[in-house]
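Comments concern the structure below.
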Amino acid sequence: GTQQPLLSRLDSFEALEAWRDAVIDLQQSRRFEGGCPLGSLASELADHDPEVRADLAAGFARWEAAIRDGLVAMRDRGELSAGTDPGALALAMLTAVEGGLLMTQVRHDTVALRTVLDTIINGIRRQVPA
């Protein structure tokens, strides 16, 4: 998808912030229409077609893994504390972006999207060792 290049290296706060900005910029350039292609398909098809649901789940899992891998790299370099749970943070980030994209589509602004992504990134910042 459009975000694959950005998702490939989410292993620093600069990269997380660049990804946040790219997601927001994309929504603004699309005039807040369309939401998330995966999310839209999931809401339309997941209940009716188990095979499509499995494909969509795999798509979300790839996103989640890309985010998690970057957070694991940050933890391994000592930029996040040893007790950080990259899996939980990655799932929270993915869930946040999906909800934020839906709110963007409904509200025709990116305030909710920016707010939720900033909140998650700030939560990750709290994992930086003192």
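Note that the structure is a prediction, hence the values are computed from the model and not measured.
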Within the structure provided, determine whether Arg20 and Leu16 are in side-chain contact (heavy-atom separation under 4.5 Å). no
If you define the side chain from C-beta out and look only at heavy atoms, does anything of Thr95 sit under 4.5 Å from Glu98? no
Say you draw a straight line from CG of Leu94 to CZ of Phe60; how long is it, rounded to the nearest 0.5 Å? 6.5 Å
Just so I know, are the side chains of Asp109 and Gln28 near enough to count as touching, which here means a heavy-atom distance under 4.5 Å? no
Kindly give the heavy-atom pair with the smallest separation between Ala90 and Arg68, and that separation in Å. CB-N, 3.6 Å
Check whether Val111 and Met103 end up in the same hydrophobic cluster, where Ile, Leu, Val, Met, Phe, Trp and Tyr are linked by side-chain heavy atoms less than 4.5 Å apart. no
What is the distance from atom CG of Leu56 to atom CD of Glu51, rounded to the nearest 0.5 Å? 11.0 Å
Within one Ile-Leu-Val-Met-Phe-Trp-Tyr cluster: Ile121 and Leu80, side-chain cutoff 4.5 Å: yes
Given side chains that start at C-beta, do those of Glu14 and Trp19 come closer than 4.5 Å, heavy atoms only? no
Test item: Met93 and Trp63 side chains (from C-beta on) under 4.5 Å apart, heavy atoms: no
Go through the steps to decide whether Glu17 and Arg125 satisfy the test salt bridge (Lys or Arg N to Asp or Glu O under 4.0 Å), and finish with yes or no. CA-CA 12 Å; Glu17 289 166 352; Arg125 282 190 190 284; 2.3 Å; yes
Kindly give the heavy-atom pair with the smallest separation between Pro129 and Gly78, and that separation in Å. CG-O, 3.5 Å
Does Arg77 have more than 12 heavy atoms from other residues, nucleotides or ligands lying within 6.0 Å of its CZ? yes
What's the spacing between Asp69 CG and Asp76 CG if we round to 0.5 Å? 10.5 Å
I'd like to check Leu71 versus Met74 (side-chain heavy atoms, cut-off strictly below 4.5 Å). Are they in contact? yes
Same apolar cluster: Leu10 and Val72, side chain cutoff 4.5 Å: no
Please determine whether a side-chain nitrogen of the Lys or Arg among Arg9 and Asp11 lies less than 4.0 Å from a carboxylate oxygen of the Asp or Glu. no
Using every non-hydrogen atom in the two residues, find where Ala82 and Arg75 come nearest and quote the distance to one decimal. O-CD, 3.8 Å
Among Ile120, Val116, Leu117, Ile67, find the residue that satisfies the side-chain contact (heavy atoms from CB on, under 4.5 Å) test when tested with Val97. Leu117
Between the CD atom in Gln105 and the CD atom in Gln27, the distance rounded to the nearest 0.5 Å is 8.0 Å
Is there a side-chain contact between Thr84 and Leu89 (heavy atoms, below 4.5 Å)? yes
Check for a donor-acceptor pair, side chain of Thr110 on one end and backbone N or O of Leu113 on the other, with a separation under 3.5 Å. no
